[in-house]
Amino acid sequence: MEKILITGATGNVGLTTLKLLESKNYPGIEVVAAVRDIERARKIEGIANCNFCHFEFDEPATYDKALEGVTRIVLIRPNQVSDVSKYIFPFLAKAEKTGVK
C-alpha cells in the first residue's frame, strides 16, 4: 500500500493536489494531509474527511509521526520558510532514513 504525505496541504497548490488525489480515490493509496492546525483544516470545504497529521517544518518532533508508514511525499514549501537548509533539508534527511521515495 502506498501512503502519500502532502505538506502544505491547506495552501493553494497543496489543497488542489489533496482534493484531486482524494477525488480519484485510488485503490491502495492513502493520502495524508500534513497541516499545522488539524481543527482548522477540517473546516476547509472538500477535505473535512481526509486523514490529517500535525506537522511543522520547524518542529522536528513532528517528523516521526508524520512519516509513519509514508512511502512518498508531495513536498510543498510554505512561503514563510525561506531557509531550506535549516528547515526542509532536515525533514528530507529524516524521510530518506525512513525509506520514503
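Scanning all heavy atoms of the two residues, the minimum distance from Pro90 to Ser85 falls at CD-O, 3.5 Å. The two residues Thr7 and Ala34 have their closest heavy-atom pair at CA-CB, 4.0 Å. Residues Thr71 and Met1 come closest through the heavy atom pair CG2-O, 4.0 Å. Between Ala33 and Leu18, the shortest heavy-atom contact is CB-CD2, 3.8 Å. Taking both residues in full, the closest heavy atoms of Tyr63 and Phe55 are given as CD1-CE1, 3.6 Å, listed atom of the first, atom of the second, then distance.
Evaluation of the side chain to side chain donor-acceptor pair (under 3.5 Å) test over residues 22-33, restricted to residues two or more places apart or in two chains, returns Glu30-Asn51.
Side chains of Val32 and Val70 form no contact here, defined as non-hydrogen atoms less than 4.5 Å apart. Taking the side chain as every heavy atom from C-beta outward, Ile44 and Thr10 approach each other to under 4.5 Å. Contact of the Val74 side chain with the Val13 side chain is not registered, since no non-hydrogen atoms from C-beta on lie closer than 4.5 Å. At least one side-chain heavy atom of Phe57 sits under 4.5 Å from a side-chain heavy atom of Leu75.
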Kindly indicate, with the supporting measurements, whether the criterion side chain to side chain contact (heavy atoms under 4.5 Å, CB included) is fulfilled by Val100 and Leu5. CA-CA 10 Å; Val100 176; Leu5 179 74; over 6 Å; no
Evaluation steps, side chain to side chain contact (heavy atoms under 4.5 Å, CB included), between Lys65 and His54: CA-CA 8 Å; Lys65 185 72 174 164; His54 177 248; over 6 Å; no
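Checking side-chain atoms of Thr62 against main-chain N and O of Glu56 turns up a donor-acceptor pair under 3.5 Å. Remark: the backbone N or O of Asp58 is not paired with any side-chain donor or acceptor of Lys86 at under 3.5 angstrom.
Here the straight-line distance linking atom NZ of Lys19 with atom CD1 of Ile6 works out to 12.5 Å at 0.5 Å rounding. Residue Ile4 holds its CD1 atom at 10.5 Å from OG1 of Thr17, rounded to the nearest 0.5 Å. For the atom pair CG of Asp37 and NZ of Lys43, the computed distance is 8.0 Å after rounding to the nearest 0.5 Å. Interatomic distance, Arg40 CZ to Phe52 CZ, rounded to the nearest 0.5 Å: 10.5 Å. Remark: Leu21 CG to Thr16 OG1 distance equals 11.0 Å, nearest 0.5 Å.
Around atom CG of Asn12, no more than 12 heavy atoms belonging to other residues, nucleotides or ligands sit under 6.0 Å away.
The pair Asp64-Lys94 counts as a salt bridge, with a side-chain nitrogen and a carboxylate oxygen less than 4.0 angstrom apart.
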